[in-house]
Amino acid sequence: MFVAHLPAGYVLTKKLQNRWQMKSYLLFGLIGSLFPDVDIFYFYLIDGRQTLHHEYWIHIPFYWLVIAIVTHVIIHLFGKKQYHFAALFFFVGIFSHLFLDTIVGKILWLYPLTDNAYYFFEVPAVHGFWVFNFIFHWTFLFEIFFIVWAVFIFLKNRYLQQCKVSTQS
Ligand SMILES: [Zn+2]
């Protein structure tokens with residue numbers, strides 16, 4: 001996925017907030033939904049584009065599973081119950097990122113059992129500029145879908161908030 005990680009993280013976190021009737025920790029969901037792509041900086045600035053960035057540990061679900069379990073154990077032992085939600089939103093964001101990357105990108109879902117990478121659709125390299133290969137492929141409709149959905153939820157929430165303010169005043 002290219003540009004819709006943040007909108008998708010927003011949609012998912014908002015849905016979970018609604019389900020659990022809470023208003024906090026949206027930021028944790030948003031950060032989680034973007035976080036694995038910080039390896040782009042490492043890819044360009046340090047690694048000299050030697051490794052596919054989806055093969056760095058930060059794009060491998062196994063490591064996140066371990067981190068999620070350890071985090072929840074630590075919170076259970078020492079933290080407040082509330083922190084569980086913050087952590088949960090963050091890790092839901094992380095795993096939504098990895099799942100959405102799987103649409104056209106290769107993710108090592110079964111690592112360390114196997115080094116095979118899994119993906120739903122292959123994007124053929126037909127344009128000289130690699131970004132165009134993704135933007136002009138039909139799978140980019142998924143990205144547009146999430147962007148439209150996020151904007152819809154955002155505007156709906158704003159509208160509902162304004163209605164609330166005007167009835168209170
Ligand atoms: Zn990614």
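Counting starts at 1 for both ligands and their atoms, in listed order.
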Q: Of all N/O/S atoms in Asp101, which lies nearest to the Zn ion (ligand 1)?
A: OD2

Q: Suppose we only count N/O/S atoms under 2.8 Å; would His5 qualify as near the Zn ion (ligand 1)?
A: no

Q: For the Zn ion (ligand 1), what is the closest N, O or S atom on Asp37?
A: OD1

Q: Check whether any N, O or S atom of Asp39, backbone or side chain, sits closer than 2.8 Å to the Zn ion (ligand 1).
A: no

Q: If you look at every heavy atom in Phe89 and Thr13, which pair is closest and at what distance?
A: CD1-CG2, 3.8 Å

Q: With distance as the sole test, does Trp64 use its side chain to make a donor-acceptor pair with the main-chain N or O of Ile58 at under 3.5 Å?
A: yes

Q: Check whether the side chains of His137 and Asn133 place a donor and an acceptor atom closer than 3.5 Å, and report yes or no.
A: no

Q: Would you say Thr167's side chain and Cys163's backbone share a donor-acceptor pair under 3.5 angstrom?
A: yes

Q: Would you please indicate yes or no on a ring centroid separation below 6.0 angstrom for Trp138 and Phe121?
A: yes

Q: Name whichever N, O or S atom of His59 ends up nearest to the Zn ion (ligand 1).
A: NE2

